[in-house]
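Report on one structure; see the data block that follows.
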Amino acid sequence: MSWEIAVERAINNNVPRVYKILKEHPYILDLAKELREAKLKVLENLDYYVDKTLDSVKRAGGHGYLASTPEEAREIVGKIVGKGKTVVMGKSMVAYEAGIREFLIRQGNEVWETDLGEFLIQLANQPPSHIIAPAIHLTKEEVEKLLKEKIGGVHEGSTHEELVARVRQFLREKFVNADVGITGANAVASDTGTIALIENEGNIRFSSISPAMHIAITGVDKIVPTLADATKEVLVQSAFAGLYPPTYVNFTSGPSSTADIEMKRVSPAHGPKEFHLILLDNGRIKASKDPVLREALLCIRCGRCHLHCPVYRALGVKWGDPPFTGPMGAMWSYVVYNDPKPAMYCAHSGNCKEVCPMKINIPKVLEYIKWKGNKQKA
Ligand code: SF4
């Protein structure tokens with residue numbers, strides 16, 4: 001089965017690399033402990049931190065919004081973007097959760113995913129199968145066939161490098177002509193209103209700098225107390241994702257600005273004229289008030305639990321409600337979609353808990369969701 005081959009290759013490429021990174025940079029484990037404490041502090045008082053973050057975004061010259069539901073998030077994005085625009089999107093699970101791409105296309109915009117994996121599943125019209133590698137289920141041979149059919153310019157037996165080069169060539173013109181860039185955020189610093197984004201491709205930097213407008217959409221669970229904590233999050237996430245050091249770390253605090261004339265800070269400069277941050281609740285604030293479910297909100301989306309889980313290896317993309325797959329997805333399908341079914345498949349191997357940088361007791365959370373699900377049925 002091609003799915004199993006693709007995941008086996010990904011596991012062989014990724015798992016030894018993470019162990020090597022952690023051995024070479026042992027300070028990451030200390031940062032992970034500190035990050036867990038910082039995130040817990042926010043989750044124990046989330047309403048306060050949401051308000052504080054929105055104030056900070058405003059102080060930095062941006063616009064901040066809290067969207068209670070995906071519908072509200074779409075309405076906010078729809079008003080900001082309007083119609084007839086070219087939109088480039090960096091990878092955002094929350095944008096997927098809120099159905100932003102399809103909504104903007106329906107509203108009459110040209111919209112392109114620019115993360116390579118997201119671009120592939122946009123072309124294939126498929127859901128993402130892993131939180132950091134959304135096209136993990138496609139083999140190289142399938143990617144070649146897909147590109148050949150949809151955009152051309154590849155030949156039989158193309159190398160990995162040739163496939164990536166073809167997508168680079170196709171998307172370059174979209175970046176240059178885009179009116180709006182939409183990204184997610186790996187962390188949001190409450191004290192400064194800064195969003196932190198990690199990437200390797202360069203697509204997020206393009207999407208957040210080249211267009212005149214940058215919209216970031218993320219969950220309220222991404223808030224951390226300070227910019228120093230946001231820095232810890234990008235280091236810990238990238239290490240546990242096996243991509244350390246990350247090629248790019250982007251910090252964005254409001255629209256572009258300069259103080260080069262008489263040291264007076266004015267905006268915009270060369271980058272975006274407008275910066276908007278949309279924080280999505282969609283069940284997260286309720287979950288933060290439940291001492292067991294709160295643990296799920298500590299997830300930093302490194303994707304490590306997937307690759308150590310026997311159930312994910314067996315079920316793959318079919319396990320969870322997209323974009324939430326794997327062990328973290330079984331927790332998040334309940335938090336966001338109130339769906340306890342993915343939790344029911346957990347076989348409690350416990351590997352996920354062992355490898356999680358946030359030390360989330362995933363089996364315990366899933367046991368609790370199973371109990372809640374059974375109570376709903378009774
Ligand atoms: S649950 Fe833990 S291991 Fe899994 S994606 Fe989240 S932080 Fe990573």
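Hydrogens, waters and symmetry mates play no part in the numbers below; they use all other heavy atoms, side chains included. Index from 1, following the sequence.
Here the closest heavy-atom approach between residue Ala178 and residue Val88 is recorded as CB-CG2, 3.6 Å. The shortest non-hydrogen separation linking Arg166 to Gly152 is NE-O, 2.7 Å. In terms of heavy-atom proximity, Leu197 sits nearest to Ala185 at CD2-CA, 3.6 Å. Closest approach of Ala216 and Gly184 over heavy atoms only: CB-O, 3.9 Å. The two residues Ser207 and Thr183 have their closest heavy-atom pair at CB-CG2, 4.3 Å. Scanning all heavy atoms of the two residues, the minimum distance from Lys370 to Cys346 falls at NZ-O, 3.1 Å.
The backbone N or O of Ser158 sits less than 3.5 Å from a side-chain atom of Glu144, completing a donor-acceptor pair. A donor-acceptor contact shorter than 3.5 Å links the side chain of His306 to the backbone of Thr325. Under the 3.5 Å distance criterion, the side-chain polar atoms of Asp115 are matched with a main-chain donor or acceptor of Gly117. Of the possible polar contacts, one joining the Gln122 side chain to the Glu113 backbone as a donor-acceptor pair under 3.5 Å is found. A donor-acceptor contact shorter than 3.5 Å is absent between the side chain of Asp179 and the backbone of Met213. The backbone N or O of Ala10 sits nowhere less than 3.5 Å from a side-chain atom of Asn14 that would complete a donor-acceptor pair. Under a 3.5 Å cut-off, the side chain of Ser333 and the backbone N or O of Asp321 do form a donor-acceptor pair. For the pair Glu274 (side chain) and Pro255 (backbone), a donor-acceptor distance under 3.5 Å is absent. At least one donor-acceptor pair under 3.5 Å links the side chain of Asn109 to the backbone N or O of Gly84. Within the 3.5 Å criterion, the main-chain N or O of Asp281 finds a donor-acceptor partner in the side chain of Arg284.
If you take NZ on Lys341 and CH2 on Trp319, they are separated by 15.0 Å, rounding to the nearest 0.5 Å. A distance of 14.0 Å separates CE in Met331 from OH in Tyr368, rounded to the nearest 0.5 Å. Atoms CD1 and SG, on Ile362 and Cys309 in that order, are 8.5 Å from each other to the nearest 0.5 Å. In this structure, CD1 in Ile369 is found 5.5 Å from CG in Leu293, a value given to the nearest 0.5 Å. To the nearest 0.5 angstrom, Ile28 atom CD1 is 16.0 Å from Lys23 atom NZ. Within the model, atoms CD1 of Ile209 and NE2 of His270 stand 11.0 Å from one another, a figure rounded to the nearest 0.5 Å.
Counted by atom type alone, Thr194 and Ser253 present one or more donor-acceptor pairs between their side chains at under 3.5 Å. Judged purely by distance below 3.5 Å, without hydrogens or angles, the side chains of Thr53 and Ser190 pair a donor atom with an acceptor atom.
For the pairing with Asp221, the salt bridge (Lys or Arg N to Asp or Glu O under 4.0 Å) check across Arg301, Lys286, Arg294 returns one residue only, Arg301.
Using a 4.5 Å heavy-atom cutoff, the side chains of Tyr244 and Leu235 are in contact. With contacts defined as side-chain heavy-atom distances shorter than 4.5 Å, the pair Asp47/Ile285 qualifies. Looking only at side-chain heavy atoms (C-beta outward), Lys372 and Asp290 come within less than 4.5 Å of each other. Looking only at side-chain heavy atoms (C-beta outward), Ile182 and Ser92 stay at 4.5 Å or farther from each other. With contacts defined as side-chain heavy-atom distances shorter than 4.5 Å, the pair Lys174/Thr114 does not qualify. Using a 4.5 Å heavy-atom cutoff, the side chains of Pro322 and Pro128 are in contact. Tyr248 places none of its side-chain heavy atoms less than 4.5 Å from the side chain of Asn203. Here the side chains of Ile195 and His214 are in contact, with some heavy-atom distance below 4.5 Å.
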Next on the checklist: Applying side chain to side chain contact (heavy atoms under 4.5 Å, CB included) to Val87 and Ile100, what does each step give before you reach the verdict?
Outcome noted: CA-CA 11 Å; Val87 181; Ile100 299 294; over 6 Å; no
Next on the checklist: Evaluate Met358 against Leu35 for side chain to side chain contact (heavy atoms under 4.5 Å, CB included), listing each step before the verdict.
Outcome noted: CA-CA 8 Å; Met358 292 293 96; Leu35 180 61; 3.7 Å; yes
Checklist entry - Would Glu72 and Leu280 satisfy side chain to side chain contact (heavy atoms under 4.5 Å, CB included), going step by step from the backbone distance to the final call? => result CA-CA 9 Å; Glu72 265 184 51; Leu280 180 63; over 6 Å; no
Checklist entry - Can Leu147 and Leu120 be said to form a side chain to side chain contact (heavy atoms under 4.5 Å, CB included), step by step? => result CA-CA 8 Å; Leu147 292 178; Leu120 294 174; 3.8 Å; yes
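Checked for salt-bridge contact, Lys145 and Glu142 miss the test: no charged N lies under 4.0 Å from a carboxylate O. Lys222 has no carboxylate O lying under 4.0 Å from a charged side-chain N of Glu233, or vice versa, which leaves the two without a salt bridge. A salt bridge links Glu295 and Arg36; the closest N-O separation between the charged side-chain nitrogens and carboxylate oxygens is under 4.0 Å. Here Lys232 pairs with Asp229 in a salt bridge; the nearest charged N to carboxylate O distance falls below 4.0 Å. Lys79 has a carboxylate O that lies under 4.0 Å from a charged side-chain N of Glu75, or vice versa, which qualifies the two as a salt bridge. Ion pairing of Glu367 with Lys353 is absent here, as no side-chain N (NZ or NE/NH1/NH2) approaches a carboxylate O to less than 4.0 Å.
For Lys359, the NZ atom counts as densely surrounded, since its 6.0 Å shell holds more than 12 non-hydrogen atoms of other residues, nucleotides or ligands. Other residues, nucleotides and ligands contribute more than 12 heavy atoms inside 6.0 Å of the CZ atom of Arg17. Counting heavy atoms of neighbouring residues, nucleotides and ligands inside a 6.0 Å radius, atom NZ of Lys85 exceeds 12 of them. With a 6.0 Å radius and a threshold of 12 heavy atoms from other residues, nucleotides or ligands, Glu24 has its CD atom above the threshold. Environment of NE2 in His160: sparse, with no more than 12 heavy atoms of neighbouring residues, nucleotides or ligands closer than 6.0 Å.
A cation-pi arrangement is absent between Arg168 and Phe175, since the terminal nitrogen or guanidinium carbon is not both under 6.0 Å from the aromatic centre and inside a 45° cone about the axis.
Hydrophobic cluster membership differs between Ile80 and Val57, with clusters built from Ile, Leu, Val, Met, Phe, Trp and Tyr side chains linked at under 4.5 angstrom. Taking hydrophobic clusters as Ile, Leu, Val, Met, Phe, Trp and Tyr residues chained together by side-chain heavy-atom distances below 4.5 Å, Val42 shares a cluster with Leu54. Taken together through direct or relayed side-chain contacts under 4.5 Å among Ile, Leu, Val, Met, Phe, Trp and Tyr, Leu123 and Phe170 form part of one hydrophobic cluster. Using a 4.5 Å cut-off between side-chain heavy atoms of Ile, Leu, Val, Met, Phe, Trp and Tyr, with links allowed through other members, Tyr96 and Tyr334 fall into different hydrophobic clusters. Put simply, Val94 and Val50 are part of two different groups of oily side chains (I, L, V, M, F, W, Y) that touch within less than 4.5 Å, one to the next.
The aromatic rings of Trp112 and Phe119 sit tilted relative to each other, their planes meeting at an angle between 30° and 60°.
Listed by chain and number, the residues in a side-chain contact (heavy atoms from CB on, under 4.5 Å) with Ala196 are Ala187, Ala230, Val234, Phe251 (sequence neighbours excluded). Every residue two or more places apart in sequence or in another chain that forms a ring-ring contact (aromatic ring centres under 6.0 Å, His included) with His276 is listed here: His63, Tyr65.
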